[in-house]
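Below is one structure, written out as structure tokens; the observations come after it.
Residue numbering restarts at 1 for every chain, and letters A, B, ... go by the order of the sequence lines. No hydrogens, no waters, no symmetry mates; every other heavy atom, side chains included, goes into these values.
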Number of protein chains: 2
Amino acid sequence: MLLKKTIWMNSHEGFLCLSLVGLICDILKNLILYFKKSDHYCMSNKSVTIHELANLAGVSIASVSRALNGKPGISDTLRARILSLSEEINYQPNVMARQLISGKTPVVALCMPPSPYEFSDRPYFVHLYQALTLYLHRKGLVPVLFAYENIDQVFSQASSAILLGATEDDRPEIFDRQKFPYVTLETGVGASVVIDEANGVYKLTHYLFKKGRKNMLFLGENIDISTSQGRLRGYRKAINELGLQEHFNNVSRQISSSLSAYRQMMKLFQSSEPFPYDAIICANDELAVGVIQAAEDAGYKVPEDLSVTGFDDLPRFSNKITTIHQDIPKIAEAAVSLLSEQLDGFPPRVIEVMTRLVSRESA
Amino acid sequence: MLLKKTIWMNSHEGFLCLSLVGLICDILKNLILYFKKSDHYCMSNKSVTIHELANLAGVSIASVSRALNGKPGISDTLRARILSLSEEINYQPNVMARQLISGKTPVVALCMPPSPYEFSDRPYFVHLYQALTLYLHRKGLVPVLFAYENIDQVFSQASSAILLGATEDDRPEIFDRQKFPYVTLETGVGASVVIDEANGVYKLTHYLFKKGRKNMLFLGENIDISTSQGRLRGYRKAINELGLQEHFNNVSRQISSSLSAYRQMMKLFQSSEPFPYDAIICANDELAVGVIQAAEDAGYKVPEDLSVTGFDDLPRFSNKITTIHQDIPKIAEAAVSLLSEQLDGFPPRVIEVMTRLVSRESA
DNA sequence: AAGGTTTACGTTAACGTTAAAAGCATGAGT
DNA sequence: ACTCATGCTTTTAACGTTAACGTAAACCTT
């Protein structure tokens, strides 16, 4: 039943009415969207199926399947014909059907730490995401993001998981109990990728010694962070070997790493004349940036008067810094290998990824 | 045929042999892994199926399906019985079968920009990832990471896409041609979420004026970045309305935002006595951190002598800064709504997310 | 040359789910 | 008593793919 009625109104009322109609439309749309909540998906491009391809080629679907999957039991000529035809009509095998029949899922869960606080201001992690995404796709795997809040969904949706930002004692026992394959970074427990950070700084310290540096200061931040600790350890080992005096300084990363480093250095430059150090080994590139700027502003020449080194070699900071390069693609590759190994039944193990000294202008 | 032979060797040879065996084992393992490359997936936990559940309940699979999906045509008692039994045996419906039968995929592609350069050092994006992940999961959608390098795979694997870090002129025409639903951020073209940044700074400027500030400096960075431009626009509008003098200063973000801001402010503090400004409006929180630190070091009191404001309200920086809060969960929600609307046939539109002034200690 | 083995293909049954169709009681209307 | 509708349940047919199985023909073996 339709309401049919003419309403007279003046222009003011008309405007009111129009905006009212707009409002009602909005409400209705939201209502529709609200109730269609289980139907948010889209038709997957209903592409050409294996049946149509088989029809066009005049063969059975089995032959097509064999041709496409490189399975034996088909003549080379037919295989070639099917493959070229498949190219021609741009056939894309249905991912869901494949998964259903095989009972396998290519989904790898990428689990983000509960609070992105620590996470978000380490650009290193974003680069790692990028590298993992590229590498997983190349392997035919699908990287799906998970927040720790819905970690229980990981089991039913993924085949394995990469835990970013997990700590040694904060690993999910659920995964262990269910024998669910997963990899952590920098924990060294279970299947884990660790970076030989200590060794990197160790090599770096020796490198500086060879360049004639004798009074090296290690500048770290928030020493409770495990990575900073490893880097300090490498410095200490080298310093002890070389019979030099150990100098350690720690700034807070509460605010901004480079600013903290800058102010700390400025204080040192002003308080102690002559300046007692000939090299500053920074726990990361951001600190190094601050140190170099401070040296410049205080009238010291880098690297002539003072060598400055960083760690990470992230593109934003380190175009001129002598630093330790982290091979992020290799780290991603190692993580995926560890998953594969576990899926193939091998026991979890630790892969150590090597770092590389990159000599640039600052040291 | 087994080789059976006793070999005598001395301990040195024995050690050599053992490490050789280890080496060979390693090579073999790598070979296995290499050739099994197409089989990286895992058996999806072969959980209980709808059939077993139906058997246990003594009913048909159709009734179970109806009960689980809240469809009508089933008695309340049976529905309750099936649901409780399903809980009991922890039945998880098979995602792949569901997708296959429905022809729909819940996959939403999250596309990362080609170079994470600009991307990685904006913590804001990481928070957005987190928010998007949470919200998509709540909606039953699956966030899958894609690099721009394999953007062509998006079509066959996802139902829609969220493009992070896309610019106005750098949007993929492929998506438009294929009528593939997608959302961009901050471009304002097609389906897009924009933040009323200009308005945020506009309100902030008025707020400072009400507090008695008359000489306000806007401190931006790399003005070519679109966000900085919008923020500057808001400042200009308010300043003109208030009949005040416009003051604009731009620092390079090449190095570190807060350090650049710190040095710039120090220069200003030292060069001009008395200091001409009573408020610094920073384009983001990082800059504000540097400004506040500089003021403190130069002996100025914040906010008594100098008001300092930021933008973004990211947890790391802004615990004490008066700033403009970006409602990241709301931005995520808006993006997903825009996708849903397009999937439901509505035309793409722009949603503007409002910002909010958060008054804290610095102004 | 008779038998077995390999090769190349076709047929068909899964995989777990949903939805349409069909069955089947029960009750009401004629 | 017969039809018809109704509410609940089962049966069955899809969805697109893979793999096990069948069936010929061709290719060896003795």
Look at the side chain of [X] and the backbone N and O of [Y], then say whether any donor-acceptor pair between them is shorter than 3.5 Å.
X	Y	answer
B:Ser102	B:Arg98	yes
A:Ser159	A:Val107	yes
A:Ser84	A:Arg81	yes
A:Ser65	A:Ile61	no
A:Gln342	A:Tyr182	yes
A:Thr133	A:Tyr129	yes
B:Asn69	B:Lys71	no
A:Asn150	A:Gln153	no

Whole angstrom value for the distance that separates [atom2] of [N] from [atom1] of [X]:
X	N	atom1	atom2	answer
B:Met96	D:dT18	CE	P	14 Å
B:Lys104	D:dG16	NZ	P	14 Å
A:His51	C:dT11	NE2	P	12 Å
A:Ile50	D:dA19	CD1	C1'	12 Å
A:Leu100	C:dA13	CG	P	17 Å
A:Arg81	C:dC9	CZ	P	9 Å
B:Ile82	C:dT18	CD1	C1'	15 Å
B:Ile101	D:dC15	CD1	P	8 Å

Between B:Ser340 and B:Asp344, is any side-chain donor less than 3.5 angstrom from a side-chain acceptor?
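Not at all, the side chains of B:Ser340 and B:Asp344 share no donor-acceptor pair under 3.5 Å.
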How are the rings of B:Phe175 and B:Phe155 set relative to one another: parallel (under 30°), tilted (30 to 60°) or perpendicular (over 60°)?
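B:Phe175 vs B:Phe155 ring planes: perpendicular.
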Counting only non-hydrogen atoms, which of residues 57-64 of chain B are less than 4.0 Å from DNA chain D?
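By residue number: B:Gly58, B:Val59, B:Ser60, B:Ile61, B:Ala62, B:Ser63.
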Hey, does B:Val144 have a side-chain heavy atom less than 4.5 Å from the side chain of B:Val108?
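B:Val108 does not reach B:Val144 side chain to side chain.
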Side-chain N or O of A:Tyr91 less than 4.0 angstrom from OP1 or OP2 on D:dG16?
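No, no such contact exists.
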Could you identify which residues of residues 66-80 of chain B place a heavy atom less than 4.0 Å from some atom of DNA chain C, listed by residue number, or say none?
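Under 4.0 Å from DNA chain C: B:Asn69, B:Lys71.
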State, to the nearest 10°, the angle formed by the axis through the first five base pairs of the helix from C:dG4-D:dC27 to C:dT30-D:dA1 and the axis through its last five.
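Computed from the C1' atoms at both ends, the axes differ by 60°.
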